[in-house]
Amino acid sequence: SSATGGGNGAGASGGVLTIANVAGQTWTCGFNPFNPAVNYLSFGFVYEPLVYVNALQNNAVTPMLASSYQWSPDKKSLVFTIRKGVKWNDGKPMTAQDVAFTFNLMKSNPGLDFNGLWSTILRSVTASGDKVTVNFKAPAGPYFYYVAGDTPIVAQHIYGSGQAAKDPVKFQDAHPVGTGPYKVNPCQSNNITYTANPDFWKPGLPKVKTVNYPAYTDNDPANLDLASGKDQWGGQFIPGIQHLYVSRDPAHHKYWFPPTTNVALYFNLKRQPTSNVAIRRAFAYAIDRAKVSKIGESGYQPPANQTGIVLPTFQQWYDAAAAKAAGFDHPDPAKATQLLKSAGYSPSHPLKLHVITISGYTDWDASLAEIKQELAPLGIDLTIDDLAGNTFDDRLFKGDFDLAYYSQAGGPGPYYEFRQVLHSANSAPLGQNAASNFERYSNPAVDKALNQFGQADTATQHKLLDTVQQAMLRDVPVIPTTESVNWYEYNTAAFTGWPTKSNPYALPAPWQVPDEEQVLLHLAPKH
Amino acid sequence: MRYLLRRLAFFVLTLWAAMTVNFALPRLMPGDPASAMMARFHGRVNPEAIHALEVAFGVDTHQSLWAQYGSYLGNTATGNFGISLTYFPLPVSTEIAQALPWTLGLIGVATVMAFLAGTFIGTVSGWRRGGVVDSVVPPVFVVTSALPYFWVGMVLILLFSVMTNGLLPNDGAYDITMTPSLTPAFIGNVVQHAILPAATILITSIGGWILTMRNNMVTVLAEDYVRMGRAKGLSNRRIMYQYAARNALLPNLTGFAMSLGFVVSGAILVEYVFNYPGLGYMLLNAVNNLDYPLMQALFLMITVAVLVAVLLCDFVTALLDPRTRGA
Amino acid sequence: MSRHYTEGAPLLETRGLTRHFKVGGAIARKTLHAVDDVEFTIRDREIVALVGESGSGKSTVARLLARVYRPTSGEIYYRGRALSSFRTRRDLLGYRSDVPMVFQDPFASLNPAYRVSHGIMRGLALHRPDIPRHQRRAEAERILERLGLDPAGEALDRFPYELSGGQRQRIGFAQALAYRPRLIVADEPVSMLDVSVRIGLLNLMAGLRDEQGVSILYITHDIASARYIADRIMVMYAGHLVESGPVEQVLQDPRHPYTQLLVAAVPDPRAELTVDKVDHGEPPKVVDPTPGCRFRWRCPWVEDVCHRITPELVELSPGHSAACHVAAARAGYGDVAVAVADSGDRH
Amino acid sequence: MPDAPVLEVRGLTVEYLTDAGPVRAVERFDLDILPGEFVGVVGESGCGKSTMLFGIAQLLSPPARVSEGSVRFRGHDLVTMTDRQLATTRWRDLSVVMQSAMNALNPVAQLGDQFADAMRAHGERSRATIRQRAEEVLALVGIDLVHLKSYPHQLSGGMRQRAMIAMALLFNPDLVIMDEPTSALDVVAQRSLMLQVKQLQQQLGFAVLFVTHDMSLVSHFSDRLVVMYAAKAVEIGSTKEIFANPGHPYTEGLLDAFPSIRGPRLPLTGIPGSPPNLLHPPVGCRFAPRCPKRFEMCDVEPPFYDAGTSRAACHLHALADKKVVQ
Amino acid sequence: MSASILSGTPDDSVGTRQAPRRGAGLLRAVRGNRKAMVGAVLLLIFIVLSIAPQLFTSVSDPNAHEFGLVLPPSSAHPLGTTAFGQDILAQLIWGTRQSLVIALAVGGLATVLSVLVGVSAAYLGGPVDGVLSGLTDLFLVIPTFPLIVVIAAYAGKGSLLVMIAVLVVTGWSYGARQLRAQALSLRNREFLESARVRGERRSYIIVNEMLPTMVSLILANFLGSALYAVLTAAGLQFIGLGDNNAVSWGAMLHWAQSNSALQAGQPLWVIAPGLCVALLGASFALLNYAFDEISNPALRPVRRPRARRTGS
Ligand SMILES: Nc1ncnc2c1ncn2[C@@H]1O[C@H](COP(=O)(O)OP(=O)(O)OP(=O)(O)O)[C@@H](O)[C@H]1O
Ligand SMILES: Nc1ncnc2c1ncn2[C@@H]1O[C@H](COP(=O)(O)OP(=O)(O)OP(=O)(O)O)[C@@H](O)[C@H]1O
Ligand SMILES: [Mg+2]
Ligand SMILES: [Mg+2]
């Protein structure tokens with residue numbers, strides 16, 4: 001078989017690209033694009049969205065299966081024009097019917113609807129001719145990303161019959177039939193080989209004809225294979241990356257870690273004493289985010305800022321003036337001490353709090369250890385409780401914590417994360433599951449700003465998010481400490497066209513769905 | 001025969017106990033598969049996904065605890081361990097079937113090798129009591145038997161892989177780019193990958209066998225029947241194996257069965273250190289991924305493996321020791 | 001206390017003393033008849049020897065008397081009072097101090113973790129409340145001196161392994177003597193000792209009887225030593241008492257064929273070898289035995305009746321009894337046995 | 001040369017190397033055994049009887065070693081032989097019956113296999129011959145042939161001892177060494193086994209070296225008697241004569257320690273005191289500390305005196321003007 | 001692992017063999033045994049380190065991120081620093097305490113449990129024995145480590161107490177089995193019967209007559225459980241199921257592993273704490289083995305006579 005073509009360090013010759021992404025498991029050879037455990041193996045490679053939305057370039061849109069789209073003025077209806085001449089890789093034509101089918105499949109199978117579109121916003125999806133009309137229950141500007149950019153389109157003739165129709169949730173999809181640039185050919189538990197789809201609708205693409213996706217179960221071998229040049233596209237944390245990776249071939253071994261969301265300390269706002277804003281502000285003054293970033297995250301994840309805007313990714317949304325005025329941009333232990341004193345705490349009478357975190361997230365453990373050390377001399381005695389994942393969730397969702405260390409999914413812009421973290425609709429009383437507003441923040445002004453965001457024009461949108469940032473600075477409901485990044489290492493020896501800081505045409509990690517399709521379409525062998 | 005029946009009864013009882021523990025554990029803890037799955041994707045998926053997951057896992061319809069216990073026992077007995085979270089939607093049994101051969105291959109072979117080699121060295125050391133071998137063996141192997149498995153593995157990695165620029169592979173069961181097949185190249189690759197982890201198990205577990213075998217030998221050698229063997233003019237080889245070693249082996253064999261649990265425990269860490277795709281590694285991965293169905297099935301599998309080995313030892317003991325047959 | 005006891009009753013008497021053991025697993029449960037229907041008496045100031053081959057139940061009798069085991073059936077009377085009526089701890093302690101036991105193995109019967117004084121001092125504490133604590137040691141030394149252990153104080157502070165076998169066995173007797181016993185149950189007290197010191201202990205036992213009036217049940221399989229110190233001898237075979245009587249009489253004129261075999265087998269350097277027959281007899285079957293004489297497989301005199309009826313102990317001459325159909329018949333009791341057998345009301 | 005001894009032991013000395021220093025468990029032991037002779041060795045527990053036997057048979061294992069002396073068996077010195085040379089002599093010409101058959105039979109092998117073992121070690125290959133010989137010797141000692149397939153734990157103590165003796169007779173040896181073969185049995189079985197040994201010995205004509213601590217046991221069976229005390233022989237002579245007329249106070253004491261069951265009931269005294277610790281044996285005569293007849297000379301180690309019928313190592317004979325031998 | 005002299009057959013005492021006595025005798029025996037000496041000295045060093053770590057390092061909070069990151073060994077940091085800027089040597093020294101506490105606590109508690117279960121099973125006999133020894137065997141065969149892992153995964157990371165509890169629960173069975181065997185062999189020993197005949201109560205016999213004779217086995221058991229505890233705890237901490245924020249060798253190993261210390265050129269971060277675990281384990285194992293030798297002279301090394309052939 002030809003599956004082993006990528007090995008032996010010289011993978012680049014012959015245009016074989018090998019991906020080093022630690023999945024922590026061997027491949028199940030299931031490619032169901034709706035299964036979040038494996039969707040990064042098919043969505044982007046085989047399945048495609050209607051459009052591509054670039055989070056790094058202010059949501060710039062690239063048409064994919066939809067050649068164009070049109071919003072209604074009230075943003076309650078969206079019409080896609082489906083690209084002509086696109087074929088499923090089994091030779092059948094892809095039509096607007098397939099698109100409508102995909103959305104309606106999600107409607108009849110909530111187990112597929114991972115963005116909860118039907119339960120929150122979708123009203124109906126219908127096809128006629130080459131048009132697909134999507135109707136929303138409410139103005140749905142921010143949902144464009146989920147509907148158009150984050151929904152894989154599947155074929156009706158596959159998912160509408162047989163095994164797939166019976167239980168699409170548990171459907172393995174061993175031989176995925178999609179429109180994307182690659183076909184699975186073949187899949188083994190230790191390696192997936194993707195070969196170029198000759199009938200791909202963008203002629204001449206992809207230029208890289210074969211992609212190997214080995215199943216790395218652990219970081220070390222993936223790191224080694226990247227370092228040796230055996231693999232060209234990496235997506236994980238490499239400790240001591242200079243020593244381990246870059247120095248092996250400084251000319252070609254590169255990395256870029258664009259941040260996307262915040263890692264934050266969530267306060268329980270419904271519990272004493274964390275409901276006391278003075279104490280929260282004391283935290284914000286006390287924590288040296290730069291040091292947390294350096295020690296806890298080896299400096300790879302940059303320090304966050306109190307506005308909640310991920311920098312530099314979402315730089316244009318940043319309310320720099322407000323941030324400066326608030327004074328959280330550098331640690332100020334004196335202020336923290338004073339605030340604590342006003343709340344009645346001091347090193348001799350310390351404030352004792354527990355922070356919960358997830359067992360196994362060692363970088364978070366290290367960050368928290370650093371935070372704990374920074375707070376101790378000021379009179380805050382932090383105890384770190386490492387909890388098993390679902391115990392953690394249970395307590396986080398129900399609000400059973402003083403502080404929690406956590407990070408949310410976010411989206412292509414700060415709005416998404418703000419909405420998740422701050423909107424009161426995502427909150428719940430203590431003891432009941434909150435959706436994402438775990439600190440249980442409730443501020444009508446913020447809710448209103450977030451609600452208006454969908455219909456507003458760009459200038460207004462900036463104003464609205466300024467309001468939110470000011471609330472963040474004033475109320476300190478959460479403290480962003482560091483910024484989660486897209487881990488990305490790349491080797492320029494054999495391939496060109498990599499996304500870079502100066503050409504951020506997509507989020508660059510190989511596991512970033514469906515951005516990886518854009519990268520694959522940009523890459524080209526050097527010779 | 002009665003002896004074996006008794007052991008069989010014990011086997012069944014232990015198995016039942018392990019299964020019951022397994023049943024009880026998740027029910028004592030918060031959460032369900034959907035939230036566990038959710039927890040796996042921290043920060044990666046939209047919070048709305050929880051609903052999708054609950055549907056996907058068909059989170060428990062309300063059944064009485066006894067009914068659940070009944071269907072659990074039934075399912076387990078028929079090899080139905082549920083659906084893995086890590087490998088959703090594959091059944092756990094499929095995953096285990098993939099890992100089992102590796103564990104049996106590596107740990108089984110290494111453990112049996114350690115046992116055989118240890119028994120042999122112990123035999124020789126005990127036989128030549130006070131000789132050169134015997135003056136070195138006890139202190140050295142007392143120390144090696146106290147080494148932490150995972151640490152030995154890491155030291156070996158350092159010596160034979162990191163410092164020697166990958167002289168021996170330290171990761172996985174075979175090169176990730178190879179296709180499993182029965183070709184010499186692939187088998188050679190597998191063997192190469194097995195060297196370091198096997199060596200780790202060997203180094204850390206052999207001491208125990210050597211020491212107990214040596215001590216048994218020393219005890220047995222003082223027995224009159226060994227002297228009798230010499231008096232009969234038998235060759236040393238024959239006395240050593242037929243008379244002394246065989247008798248010294250019997251208590252060791254039971255010890256072997258009894259301490260298998262310890263060895264397997266250590267081997268789990270070895271698999272972890274070497275990312276060896278066996279049950280132990282899978283177990284720790286399942287722990288990291290909060291894959292409870294997989295975890296439970298693995299724990300049960302490992303228990304069964306140990307129990308079967310124990311049972312085998314019992315059979316062999318019965319075969320070698322006529323005294324147990326009547327008992 | 002003595003008011004519970006019957007005046008004039010023998011010191012110790014057993015009636016139908018029986019002890020069975022369950023052996024084998026739960027599936028194949030069998031009953032081992034270690035002691036069956038044994039009756040004897042021991043009087044004051046008397047050494048009674050109990051002999052018999054290995055496994056015949058001698059030690060079991062000793063343990064029954066020392067209340068280590070409870071009888072399966074039958075009764076032991078101590079000075080006329082049934083042992084089963086001793087219920088309170090006080091009563092029991094009283095009996096224990098009157099009837100101590102000396103064990104076969106002088107090493108095994110002393111706790112290796114303690115100095116040898118431990119057993120004696122505990123015995124004094126339990127059974128001699130009249131002696132105040134601080135005088136116990138003096139009392140212990142006194143006892144040891146009487147047993148010929150010199151210097152007593154030093155011996156008391158030794159650990160068992162520091163003493164020779166003979167010394168240890170003396171400590172064993174000292175423990176028993178500390179209670180002021182009436183009857184010492186001595187289970188093969190000298191068999192583990194070297195020949196050269198053995199006789200010294202036998203002399204000691206005889207001295208205890210003569211000087212302190214202690215009775216001793218002396219269990220042994222060394223018939224010569226039994227003859228040396230005992231007044232009476234009892235012979236056990238396979239859980240049954242097969243012969244008993246004054247020691248000289250039994251040894252000069254053994255009535256039971258087993259006793260005859262036993263006596264003939266005893267090596268006596270001062271006498272000629274008398275037997276030249278090889279006896280391949282196997283140990284008797286005491287697991288689920290069938291009625292009949294248990295010696296019948298080895299018996300040169302075996303008759304039909306021996307297979308059917310278990311012989312009873314019959315007094316063949318004053319004080320001398322044997323349990324053998326043939327011997328009884330020869331002594332003129334045969335008709336009785338056969339008559340009883342034919343009437344079929346035994347077994 | 002019918003009268004040449006089968007075994008000549010000269011100055012045999014055996015030491016145990018212990019932490020506390022060497023323990024001489026057998027010291028300068030001399031003994032000749034003529035063909036067909038039955039020699040008994042008596043002595044207290046721990047006086048070195050077994051050690052002496054194993055020293056002769058070259059069966060000692062560390063920490064014991066023969067430090068001096070020679071053991072000439074049919075003219076060849078066993079002490080200097082190699083393992084290979086020893087192996088051919090063993091069992092074929094010189095066999096051993098151990099103290100406890102319970103431990104001397106391999107618990108995991110059938111009786112028949114253990115018989116076959118010995119025969120194969122001496123070059124017998126034919127299964128039929130092996131089986132036939134095994135049946136013959138079992139019949140000699142009166143054990144049912146079915147027991148060839150039995151494991152030791154399935155036999156009674158007496159049967160095991162007899163099986164051992166049968167095994168010792170597989171090859172018609174010249175000398176059978178027996179270490180208290182009856183001590184685990186009760187009197188009746190003991191007597192019966194001894195009778196059997198005696199009968200076989202007379203029938204087959206091998207010599208026997210027999211060790212026991214029971215004086216009375218040897219009295220009827222042995223032709224010659226060796227009395228050991230504290231690692232040394234103290235008296236050697238014809239059994240009958242020694243019993244009639246002991247030449248050493250220790251022998252006297254031993255005889256005095258056995259009550260008779262037929263003679264008059266006499267008070268006996270035994271021997272006061274206990275045997276010496278071989279790590280620090282008394283200087284001079286080792287029995288002196290316990291000896292009722294000790295006198296000044298006893299501080300010097302006594303040589304063997306010709307005490308008329310026997311040879312005894314006691315200075316009393318010097319007083320009686322007896323000659324020193326060797 | 002073997003019967004002690006205290007329960008040996010009478011001939012053990014014959015002649016020159018020296019049986020140990022409690023107290024002074026035991027000490028003397030330890031001093032005479034080289035393995036025991038090495039083990040004892042090692043243990044002593046660790047005990048001293050754990051009692052007074054501040055005497056050996058100037059760092060008072062070894063987990064503080066107060067130094068440069070990933071410094072190579074130097075006179076200021078003899079073993080270098082971690083990726084978090086912690087002094088490795090200081091962490092080692094301070095980490096001794098937890099390992100030792102776990103070892104001693106688990107060793108002690110597990111031994112108590114073994115004694116309770118093993119001795120009562122043997123002494124009471126009958127159905128009680130059946131149940132207790134069945135339970136013992138069960139705990140013995142069920143592979144404890146995966147069980148602990150599974151439990152820990154459900155229960156979340158344990159505090160020290162949870163860890164000790166889990167190790168005790170899973171670690172007592174081996175000892176209980178041995179103690180039962182020994183107690184069983186003692187049960188019908190004549191000195192116990194002698195005590196019974198003397199009129200002692202059952203509780204007195206178990207506590208005052210039986211246990212003292214099992215001292216050396218109990219001690220061996222303690223050492224065995226301590227060894228088990230040290231190794232298992234380190235393993236658990238290593239895979240991240242312990243308290244990662246604790247000052248312990250296991251936590252050090254965990255951090256080293258999760259920072260790929262081997263690959264990243266910081267082998268000392270892995271080697272040093274592992275070596276400490278190994279040394280502490282070795283000290284227990286050596287002592288344990290030595291006690292075996294002391295209590296069973298047959299196992300002691302012998303001097304092999306050279307001069308003349310002596311058979312084998
Ligand atoms: N606790 C017990 N459980 C089962 N069987 C027992 C027990 N004690 C004794 N027996 C059996 O009872 C029978 C009589 O034993 P006992 O010890 O009384 O014999 P003995 O005459 O003292 O023998 P020996 O001379 O060997 O001491 C033997 O068959 C023995 O195996
Ligand atoms: N392994 C040993 N190490 C040190 N001394 C030993 C050893 N074996 C035996 N001895 C000593 O050697 C002496 C002789 O022992 P041996 O076994 O030969 O005596 P024995 O006469 O056969 O005694 P028994 O009648 O008890 O069998 C004893 O004093 C004993 O203490
Ligand atoms: Mg008895
Ligand atoms: Mg001997």
Side-chain angles (χ1 to χ4, degrees), chain B residues 10 13-14 17-18 21-22 25-26 28-29 127-131 134-135 138-139 142-143 145-151 154-155 157-158 162 211-212 215 218-219 222 230 236 257-258 260-262 264-266 268-269 272 280 283-284 286-288 290 292 295-296 298-299 302-303 306-307 310, chain E residues 1-2 34-35 38 134 137-138 140-155 174 177 227-228 230-232 234-235 238-241 253 257 262-263 265 267 270-271 273-275 277-278 280-286 288-289 292-293 296 298-299 301-304 311-312:
Chain B
F10 172 68
L13 204 76
T14 313
V21 166
N22 229 346
L25 270 180
L28 297 174
M29 307 297 162
W127 176 257
R128 297 211 47 89
R129 175 139 186 249
D134 191 42
S135 61
V142 167
V143 173
S145 64
L147 298 178
Y149 277 74
F150 58 93
W151 181 72
M154 290 165 89
V155 170
I157 291 179
L158 184 70
V162 174
L211 293 175
T212 44
N215 290 357
V218 165
T219 312
R230 272 205 278 149
N236 276 341
M258 281 301 166
L260 262 180
F262 290 98
V264 167
S265 302
I268 286 177
L269 287 171
Y272 175 72
L283 175 69
L284 295 182
V287 167
N288 284 335
L290 303 172
Y292 294 113
M295 242 153 71
Q296 290 184 302
L298 283 168
F299 168 64
I302 293 171
T303 307
V306 170
L307 279 180
V310 169
Chain E
M1 316 235 142
S2 62
R34 210 172 337 147
K35 290 183 217 53
V38 174
D137 277 0
L138 196 112
L140 206 53
V141 226
I142 286 193
T144 49
F145 190 76
L147 182 62
I148 300 176
V149 166
V150 171
I151 292 176
Y154 278 112
Y174 197 77
R177 195 181 152 93
L227 173 62
Y228 163 80
V230 168
L231 294 184
T232 312
F238 168 67
I239 58 174
L241 289 174
L253 283 162
Q257 169 77 356
L262 283 183
Q263 274 80 9
V270 173
I271 301 295
L275 195 65
V277 174
L280 183 59
S283 81
F284 286 123
L286 282 169
N288 193 355
Y289 191 81
D292 242 15
E293 282 187 353
N296 184 357
L299 300 179
V302 292
R303 254 160 286 167
R304 212 180 163 77
S312 73

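Letters go in sequence order (proteins before strands), and every chain restarts at 1. This one's a predicted model, so the numbers in the text were calculated from it and none came from an experiment.
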Name the region of [X], side chain, backbone, both or neither, that has any atom closer than 4.5 Å to a heavy atom of chain B.
X	value
E:Leu275	both
E:Arg177	side chain
E:Tyr228	side chain

side-chain contact (heavy atoms from CB on, under 4.5 Å) filter on B:Leu158, not counting sequence neighbours, yields B:Val162, B:Met163, E:Leu262, E:Pro267, E:Ile271
Across all chains, not counting sequence neighbours, the side-chain contact (heavy atoms from CB on, under 4.5 Å) partners of E:Leu231 are B:Pro148, E:Leu227, E:Val277
Please give me the minimum heavy-atom distance between [X] and [Y], naming the atom from each residue.
X	Y	result
B:Ala146	E:Ala285	CB-CB, 3.8 Å
E:Tyr289	B:Val142	CG-CG2, 3.5 Å
E:Ala278	B:Trp151	CB-CZ3, 4.1 Å

Tell me which of these, B:Leu269, B:Ile157, B:Leu284, has more heavy-atom pairs under 4.5 Å with chain E than the rest. B:Leu269
In terms of heavy-atom pairs under 4.5 Å with chain E, which of B:Val306, B:Leu13, B:Val21 leads? B:Val306
In Å, rounded to the nearest 0.5 Å, how long is the span from CD1 of E:Ile239 to OH of B:Tyr272? 7.0 Å
Could you tell me how the ring of B:Phe150 sits relative to the ring of E:Phe238: parallel (under 30°), tilted (30 to 60°) or perpendicular (over 60°)? parallel
Which bit of B:Ile268 comes within less than 4.5 Å of chain E, counting heavy atoms only: side chain, backbone, both or neither? side chain
Could you tell me which portion of B:Leu147 (side chain, backbone, both or neither) has an atom closer than 4.5 angstrom to a non-hydrogen atom of chain E? both
